[in-house]
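Take a look at the structure set out below.
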Amino acid sequence: MALEPEGNNRLLQDVLARPGNETCADCGNPEPDWASLTLGVFVCQACSLLHRSIPHITRVKSVQDTWDASEVELMAAMGNTAAKAKYEQKVPAFYYRPTHTDCKLLREQWIRAKYERNEFEFIEKQEPYSAGYREGFLWKRGRDNGQFLSRKFILSEREGALKYFNKQDARDPKAVMKVETLNATFQPAKIGNPCGLQITYLKDNSTRNIFVYHSDAKEMVDWFNAIRAARFHYLQVAFPGASDEELVPKLTRNFMKEGFMEKTGPKHTEGFKKRWFTMDDRRLMYFKDPLDAYARGEVFIGSKENSYTVLAGLPPSTQGYHWNHGITIVTPERKFLFACETEAEQRDWIAAFQRVINRPMRPQEYAVEAHFKHKP
């Protein structure tokens, strides 16, 4: 005898309660409330919208809808754990697996890579980011005029560098970015393009930014994962005893926090000026504009064991600020004074600084700190 719809939905809830089905198959978000009938996976609402963009591969349905017995059987036969074993069987260690907090581009391309292109079932499909060499054209923002122009980029693991060229037939690159200090983070809102990628590297121990995009989403994510692959193989050589689990978090990083604050100079008598701040691990950088190539200045944030502290508010004698929510960072050398526009921003910045200050310094960070102390 066929079950009533309520009975089918109760059975579906039993399937949903199985291990592996309690989080989204694609981004790990807890309590998924949608399912792909064609793939047999449970997903969150945000990922269900991305599944809708590939209707020839996947058809989604809310777990709150009325289900018939054959649909429930299909979900019971597959489920997230079995789907993962099939569609993620050969994901390279360096490949970025997005979470629910990542930008739409990364999440959508992960879904397409798994289910539409079957990239992790056939290793040859991973050639674009696994080959150790990649070249192509990206739109790069000009340092001085802010225009995006097409530039040739070459990433070579053998040379340990990412290079770009100003002219198509140029023999010498305009910049050589060593894989050792390379980072890449998607910044669609800041760059104003859904495929916008910010690449940073160190030049003379100062941070340099370049902003790029490509009109093809897959192309951009392939560049991102090729950079991660190059970093992974560099770190495997640099730290021969390290496990994949230790190396993977070091491949690329998102900034801890970014936003506008006001700052004053070392004498604390100059007027406060509005600047864009980026907290990148222990480097606090400030820029006149969020898309500047070079920071106007960088501040090293050490640990509490080394006499670094963060305080809410400004010293009583401080003048010249427009925003009322102050922050004082005390370093062994001097105090840095900042002001935030809102109390919420002040709270978020203090929390970010506190996270860094609470973390003991690693041996290599002492060398970075020493360089900051000897800057002219």
Side-chain angles (χ1 to χ4, degrees), residues 99 101 180-181 183 185 200 202 204-207 235 238-239 242-243 245-270 272-287 295-321 323-376:
T99 69
T101 58
E180 180 186 355
T181 68
N183 185 42
T185 175
T200 64
L202 292 182
D204 305 324
N205 210 43
S206 289
T207 305
L235 289 170
F239 303 99
S243 67
E245 289 71 29
E246 289 172 286
L247 297 182
V248 166
K250 296 184 169 76
L251 302 186
T252 53
R253 62 194 180 274
N254 293 329
F255 300 133
M256 294 180 74
K257 181 157 174 59
E258 288 195 290
F260 284 107
M261 289 194 287
E262 292 184 330
K263 69 167 285 293
T264 186
K267 296 192 182 75
H268 301 171
T269 51
E270 309 92 326
F272 277 69
K273 289 185 176 139
K274 182 179 164 185
R275 294 286 180 257
W276 176 264
F277 283 81
T278 297
M279 185 77 192
D280 184 14
D281 202 33
R282 290 198 185 275
R283 287 174 183 261
L284 176 66
M285 300 168 275
Y286 54 92
F287 305 85
R296 289 294 176 100
E298 302 191 32
V299 180
F300 181 85
I301 312 284
S303 66
K304 58 186 176 190
E305 292 86 355
N306 299 80
S307 308
Y308 288 82
T309 51
V310 58
L311 308 166
L314 299 169
S317 58
T318 312
Q319 294 179 334
Y321 54 87
W323 290 346
N324 291 322
H325 306 281
I327 299 175
T328 301
I329 292 183
V330 183
T331 77
E333 268 67 50
R334 59 169 276 205
K335 288 178 179 173
F336 292 89
L337 309 185
F338 309 111
C340 302
E341 189 172 16
T342 66
E343 198 176 332
E345 274 289 288
Q346 178 199 39
R347 202 169 44 239
D348 289 351
W349 275 110
I350 288 174
F353 293 141
Q354 203 63 62
R355 274 204 306 280
V356 174
I357 287 169
N358 287 345
R359 198 179 71 214
M361 274 167 61
R362 299 191 296 270
Q364 58 268 40
E365 291 174 332
Y366 282 96
V368 178
E369 182 190 41
H371 173 84
F372 272 81
K373 284 180 179 173
H374 294 119
K375 270 189 174 180

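Owing to the predicted nature of the structure, the values given are computational and were not obtained by experimental measurement.
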Fill in: side chain to side chain contact (heavy atoms under 4.5 Å, CB included) between Phe353 and Lys257, intermediate numbers included
CA-CA 9 Å; Phe353 293 141; Lys257 181 157 174 59; over 6 Å; no

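- Other residues, nucleotides and ligands contribute more than 12 heavy atoms inside 6.0 Å of the CD atom of Glu305.
- Minimum heavy-atom separation, Arg283 to Val368: NH2-CG1, 4.1 Å.
- Remark: Arg275 is not positioned above the aromatic ring of Phe277, lacking an NZ or CZ atom under 6.0 angstrom from the ring centre and at most 45 degrees off the axis.
- Distance CD/Glu262 to CG/Asn324: 9.0 Å, rounded to 0.5 Å.
- Trp349 is listed as a side-chain neighbour of Leu284, based on a closest heavy-atom distance under 4.5 Å.
- Taking both residues in full, the closest heavy atoms of Val356 and Asp281 are given as CG2-O, 3.7 Å, listed atom of the first, atom of the second, then distance.
- Remark: side-chain polar atoms of His268 are not paired, donor with acceptor, to backbone N or O of Pro315 under 3.5 angstrom.
- In terms of modelled atom types and a separation under 3.5 Å, the side chain of Glu365 and the main chain of Arg362 share a donor-acceptor contact.
- Within a 6.0 Å radius of NZ in Lys273, other residues, nucleotides and ligands contribute 12 heavy atoms or fewer.
- The distance from atom CZ of Arg355 to atom CD1 of Ile350, rounded to the nearest 0.5 Å, is 12.5 Å.
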Item to complete: Check the pair Ile327, Leu311 against side chain to side chain contact (heavy atoms under 4.5 Å, CB included), reporting the backbone distance first and the verdict last.
Response: CA-CA 6 Å; Ile327 299 175; Leu311 308 166; over 6 Å; no

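- The backbone N or O of Gly302 lies less than 3.5 Å from a partner atom in the side chain of Arg282, making a donor-acceptor pair.
- With Asn254 as reference, Thr185 is the one residue of Asp280, Asn183, Thr185, Thr101 to meet the side-chain hydrogen bond (donor to acceptor under 3.5 Å, both in side chains) rule.
- At a threshold of 4.0 Å, the pair Lys263-Glu270 does not count as salt-bridged, since none of the basic side-chain nitrogens sits closer than that to a carboxylate oxygen.
- Residues Met361 and Ser303 come closest through the heavy atom pair SD-N, 3.7 Å.
- In this structure, the separation between OG1 on Thr269 and CD on Gln319 is 10.0 Å, given to the nearest 0.5 Å.
- Annotation: the span from Tyr286 atom OH to Phe338 atom CZ amounts to 8.0 Å, rounded to 0.5 Å.
- For the pair Asn205/Glu298, no side-chain contact is recorded, criterion being any heavy-atom separation below 4.5 Å from C-beta on.
- A distance-only check finds a donor-acceptor pair linking the side chain of Gln346 to the backbone of Gly326 [under 3.5 Å].
- Thr331 places no side-chain N or O within 3.5 Å of a backbone atom of Tyr308 that could act as its donor or acceptor partner.
- The side-chain hydrogen bond (donor to acceptor under 3.5 Å, both in side chains) search around Glu246 returns Ser243, not counting sequence neighbours.
- Note that NZ of Lys274 and CE of Met261 are 13.0 Å apart. Values are rounded to the nearest 0.5 Å.
- Inter-residue side-chain proximity for Val299 and Ile329 is flagged as unmet; no heavy-atom pair is nearer than 4.5 Å.
- With a 4.5 Å cut-off on side-chain heavy atoms, Lys304 and Asn358 count as touching.
- Counting heavy-atom neighbours within 6.0 Å of Tyr321 OH, excluding the residue itself, gives a total of 12 or less.
- The one candidate from Phe260, Phe287, Phe255 that meets the ring pair (Phe, Tyr, Trp, His ring centres under 6.0 Å) condition with Trp276 is Phe260.
- Rounded to the nearest 0.5 angstrom, Thr318 OG1 and Lys335 NZ are separated by 8.5 Å.
- For the pair Leu314/Thr328, a side-chain contact is recorded, criterion being any heavy-atom separation below 4.5 Å from C-beta on.
- Judged as a side-chain contact (heavy atoms from CB on, under 4.5 Å), and not counting sequence neighbours, the contacts of Glu341 are Trp323.
- Val310 and Ile357 get closest at one heavy-atom pair: N-CD1, 3.8 Å.
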